[in-house]
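Single-structure report; data block below.
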Amino acid sequence: MIYRRSSALFAEAQRYIPGGVNSPVRAFKAVGGNPVFVKEAKGAYLYDEDGNRLIDYIASWGPLILGHAYAPVIDAVIEKAKKGTSFGMPTEIETQLAKLAVSMVPNIDKIRFVNSGTEACMSAVRLARGFTGKDKIIKFAGCYHGHSDSFLIQAGSGAVTFGSPNSPGVTQGTAKDTLLAVYNNLESVKALATANKGEIAAIIIEPVAGNMGCIIPEENFIKGLRDLCDQEDILLIFDEVMTGFRLAKGGAQEVLGVDADIVTFGKVIGGGLPVGAFAAREGIMGHLAPDGPVYQAGTLSGNPLAMSAGLAMLTELNNNPEVFRSLADKTKYLGKGMAQVLTDNHIPFQMNRFGSMISIHFTEEPVVDFESSAKGNNAAFKKYFHGMLNQGIYLPPSAFESYFLNDALSYKDLDETIAALANIAKDLH
Ligand SMILES: *Cc1c(COP(=O)(O)O)cnc(C)c1O
């Protein structure tokens, strides 16, 4: 496939936008080459500026769980736009979406809408700190909670006390309040809780991780976190920006059978428009302004266009919960087909799959945390990524991302994807 016009557009974009993109992973730095500029999309397909048709496995990084330009969502947005795009005053549709979300998700009474997953996680941590009167948080290496300062902390080797900033611009003062634990390693969390007794406001986690590839929580890991939080008066925050309204109506809380104290949302809840949200029981949400002292606000929060997209999306999912099974079945089918091809070609790989999240890692070792995920063979991944792209299959341009299937994908699309892998598998050694 030829990507001539995309390349020209990228060159022009780089003159005016840092790196030519408004979010770094779009720039293909991890895989090399130039990004594809998309013109439009419908269902499971992207149509790029060169006229290529691509089968899409990122779905805008998750939101478009029912496929691109899904008619009920598009119609809702168009109708809403005709009546004005923003008021800075309350609107009924905010309550409609809040009511529906609260009815679908276990263990929450109230929800506050923001504009991104980043804002949701940042606000959830502030709320946890305000509620508990404690400063420190525990996060897990390899989990992504958006780009606010407290979360941009990487593990130094053996770091169990103070985090060190891994992005310039994050101060030591901020970094020292973020403690790093190892995913799927309850002991690493307990050690931090013991060393920082009485100082930890919250543990924040992706209950099924999707930002170091897909990582499945081991049996009893999440339950162990719940018990630890109960014993130590720590709030458990589930970052369900990726898993929420994707794994099930009630997200990971429902699927794993574990209650979180605060849950954050993004991606699917906005149906493709900028929406994030955080939610909890009344006892915690009551601490938020204007009811309580913890401040949080937004000029465009609860924006009517964004709410109308979210409401249309969640209404579809609420009325057709079979879609979660359908998606999981398709993901399983794809995974099985791809695994067979790789096995037949003697390519070492790990495949992690949970519901409609899936990732392939070119490594012999099980991928259970950031360290094992980072051991994947990136040279093989690059060949795989570009080999698939050349055949019109658009995968996430980084080995650290889960694929997001959308329900517009047909079994024919999946077969085409498996066949594309078969064409290039022998080159992946
Ligand atoms: C995408 C993501 C975020 C950040 O959401 P944005 O809308 O990009 O700010 C936070 N947490 C998780 C788990 C995510 O996948």
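Bear in mind that the values here come from a model prediction, so they are computed numbers and not experimental data. In each ligand, atom 1 is the first atom listed, and ligand 1 is the first ligand listed.
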Considering only non-hydrogen protein atoms, determine which one is nearest to atom 1 (C) of ligand 1 and report residue, atom name and distance to 0.1 Å. Lys267 NZ, 1.6 Å
Quick note on ligand 1: atoms under 4.0 Å from a heavy atom of Val241 include exactly 1 (C), 2 (C), 3 (C), 5 (O), 10 (C), 11 (N), 12 (C), 14 (C)
For Glu206, the atoms of ligand 1 under 4.0 Å from one of its heavy atoms are 13 (C)
Which atoms of ligand 1 have any heavy atom of Met242 under 4.0 Å away? 15 (O)
Salt bridge or not for Arg226 and Asp230, using N-O below 4.0 Å? yes
Any nitrogen or oxygen of Gly117, side chain or backbone, less than 3.5 Å from one on ligand 1? yes
Short list, please: which atoms of ligand 1 are under 4.0 Å from a heavy atom of Asn211? 12 (C), 13 (C), 14 (C), 15 (O)
Within the side chain of Gln391, is there an N or O that forms a donor-acceptor pair under 3.5 Å with the backbone of Gly387? yes
Ignoring angles and geometry beyond distance, decide whether His145 reaches within less than 3.5 Å of ligand 1 through its nitrogen or oxygen atoms. no
Does Phe278 have its ring centroid less than 6.0 Å away from the ring centroid of Phe238? no
With a 4.0 Å cut-off on N to O distance, would you call Glu322 and Arg325 a salt bridge? no
Got an N/O contact under 3.5 Å between Thr118 and ligand 1? yes
Protein heavy-atom partner closest to atom 11 (N) of ligand 1 - residue, atom, separation in Å: Asp239 OD2, 2.6 Å
Answer with yes or no whether the side chains of Thr315 and Asn318 bring together a donor and an acceptor at under 3.5 Å. no
Glu40/Arg53 ion pair, N-O < 4.0 Å: no
Check ion pair Lys136-Asp177 (N to O, under 4.0 angstrom): no
I need the atoms of ligand 1 closer than 4.0 Å to a non-hydrogen atom of Ser116, numbered in the order shown. 7 (O), 9 (O)
